[in-house]
Amino acid sequence: MKHLGILLSGRGSNFLAIADAIDRGQIEDAEISIVISNRAEAAGIVAARARGLATHVVEARGRKRAEQDAEIVACLRQHDVDLVCLAGYMRLLSPEFVAAYPQAILNIHPSLLPAFPGLDAQAQALQYGVAVTGCTVHFVDEQLDHGVIVLQRAVPVLDSDDEASLSARILEQEHVAYPEAIALVLSGNYNTVDRRYIARASQNATPIEEAK
Ligand code: GAR
């Protein structure tokens, strides 16, 4: 059984998509061991409590990031977490945090990275005038929105789009992409070569010819 730790700061819809994917068996042999928020009033942490999951709020105000992150790492270790999933966690991780979970922290970002890192990625895409944007699930390294990409899903930008409509269509794809990426990473059937994530054929997979 693999143990997931979720970090969030707000609404928590990606967290709920992950929790639902575990419940319906799309992410096999895994459970959410702890949900951590840096905001006590985050809707996501309220939803986690309502689902009966263990939760922890880390006080952010007036504290250095290293001190706050040390508390988070201790909490993740206490709950035997194997894979950390950032789900709308709006703080940069300290180098010590990243080093504590090498290639074991995932993030979701609402653009096709490396385009539009940072805040308000959907508004950045509209302002730039791109025809296609989307979402990216990637491993977290020390740089913002930068680590090895596990998967991306594209979303067309429509002439009629404003930030709200585009964000909503990207979010739908986030909810598909994040559980899929977690299942891939937990399966262990991949290698990383430089910046490339290369899936290996699963030993249990049915060859395409046989499946016909
Ligand atoms: C999502 O759109 C996620 O991609 C974004 O915050 C939102 C959280 O929504 N994350 C980032 O921009 C990280 N750089 P949620 O709380 O409903 O999952």
Side-chain angles (χ1 to χ4, degrees), residues 2-10 12 14-15 17-18 27 30-39 42 44-45 48 54-121 124 135-152 174 177-199:
K2 296 285 186 187
H3 299 123
L4 303 187
I6 308 276
L7 265 69
L8 53 79
S9 302
N14 276 291
F15 147 61
I18 296 164
I27 302 173
E31 65 181 19
I32 295 174
S33 301
I34 183 73
V35 181
I36 300 174
S37 173
N38 61 325
R39 289 184 43 231
I45 203 85
T55 61
H56 184 72
V57 174
V58 180
E59 183 53 60
R61 262 166 294 227
R63 293 176 74 193
K64 294 218 168 70
R65 192 176 59 187
E67 185 189 333
Q68 191 189 352
D69 280 6
E71 180 181 329
I72 293 172
V73 170
C75 182
L76 293 168
R77 295 234 190 273
Q78 198 188 332
H79 288 87
D80 282 332
V81 166
D82 304 291
L83 182 68
V84 181
C85 301
L86 309 186
Y89 183 67
M90 303 313 260
R91 281 176 73 92
L92 197 60
L93 305 191
S94 61
E96 293 78 13
F97 189 162
V98 175
Y101 283 91
Q103 294 293 75
I105 308 174
L106 289 175
N107 182 42
I108 187 150
H109 183 76
S111 74
L112 296 176
L113 290 170
F116 316 126
L119 292 176
D120 301 324
Q124 290 186 55
C135 62
T136 303
V137 182
H138 64 94
F139 286 109
V140 172
D141 65 12
E142 288 184 20
Q143 295 177 51
L144 178 69
D145 298 330
H146 177 266
V148 166
I149 290 170
V150 177
L151 63 82
Q152 297 186 300
E174 292 185 42
Y178 214 170
E180 196 181 326
I182 291 168
L184 284 170
V185 168
L186 289 182
S187 78
N189 290 322
Y190 66 94
N191 298 312
T192 54
V193 181
D194 298 326
R195 279 200 52 89
R196 294 184 67 198
Y197 172 99
I198 315 269

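Heavy-atom basis, side chains included; hydrogens, waters and symmetry copies ignored.
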Given side chains that start at C-beta, do those of [X] and [Y] come closer than 4.5 Å, heavy atoms only?
| X | Y | answer |
| --- | --- | --- |
| His109 | Gln152 | no |
| Leu144 | Leu92 | yes |
| Val148 | Asp141 | no |
| Leu4 | Leu186 | yes |
| Ile6 | Tyr89 | no |
| Val185 | Leu83 | yes |
| Tyr101 | Leu106 | no |

## Note on the structure
Which of Leu86, Val84, Val73 passes side chain to side chain contact (heavy atoms under 4.5 Å, CB included) with Leu93? Answer is Leu86
### Task
Run the salt-bridge test on Glu67 and Arg65 with the 4.0 Å N-O cut-off and return the result as yes or no.
no
### Under-4.0 Å salt bridge between Glu71 and Arg63
yes
### Query
Do His3 and Asp80 have side-chain N/O donor and acceptor atoms under 3.5 Å apart?
no
### Query
Does CZ in Arg195 sit with more than 12 non-hydrogen atoms of other residues, nucleotides or ligands closer than 6.0 Å?
yes
Backbone N or O of [Y] within a donor-acceptor pair of the [X] side chain at under 3.5 Å?
| X | Y | answer |
| --- | --- | --- |
| Asn38 | Val58 | no |
| His79 | Val35 | no |
| Asn191 | Ile198 | no |
| Ser111 | Ala115 | yes |

### Task
For side chain to side chain contact (heavy atoms under 4.5 Å, CB included), just list the numbers for His56 and Gln78, CA-CA rounded to whole Å, side-chain angles, deciding distance to a tenth of an Å, and then say yes or no.
CA-CA 12 Å; His56 184 72; Gln78 198 188 332; over 6 Å; no
Atom pair [atom1] ([X]) and [atom2] ([Y]), whose distance is rounded to the nearest 0.5 Å:
| X | Y | atom1 | atom2 | result |
| --- | --- | --- | --- | --- |
| Leu76 | Leu7 | CG | CG | 6.0 Å |
| Cys75 | Ile72 | SG | CD1 | 8.5 Å |
| Lys2 | Ile182 | NZ | CD1 | 13.5 Å |
| Glu174 | Ile108 | CD | CD1 | 4.5 Å |
| Arg39 | Ser37 | CZ | OG | 7.0 Å |
| Phe15 | Ile32 | CZ | CD1 | 5.0 Å |

Ignoring hydrogens, what is the shortest heavy-atom contact between [X] and [Y]? Give both atom names and the distance.
| X | Y | value |
| --- | --- | --- |
| Cys85 | Ile18 | CB-CD1, 4.5 Å |
| Gln68 | Ala60 | NE2-CB, 3.6 Å |
| Ala17 | Pro179 | O-CG, 3.9 Å |
| Thr55 | Ala48 | CG2-CB, 3.7 Å |
| Thr136 | Leu113 | OG1-N, 3.0 Å |
| Ala181 | Val137 | CB-CG1, 3.5 Å |

### Query
side chain to side chain contact (heavy atoms under 4.5 Å, CB included) between Phe139 and Ile149: does it pass, once the steps are laid out?
CA-CA 6 Å; Phe139 286 109; Ile149 290 170; over 6 Å; no
### Task
Can you label the angle between the Tyr197 ring and the Tyr190 ring as parallel, tilted or perpendicular, going by 30° and 60°?
parallel
### Task
Start with the C-alpha distance between His138 and Val150, add both sets of side-chain angles, then the distance that settles side chain to side chain contact (heavy atoms under 4.5 Å, CB included), and finish with yes or no.
CA-CA 5 Å; His138 64 94; Val150 177; 5.7 Å; no
#### Entry: Leu151 and Tyr178: CA distance, side-chain angles, deciding distance, side chain to side chain contact (heavy atoms under 4.5 Å, CB included) verdict
CA-CA 9 Å; Leu151 63 82; Tyr178 214 170; over 6 Å; no
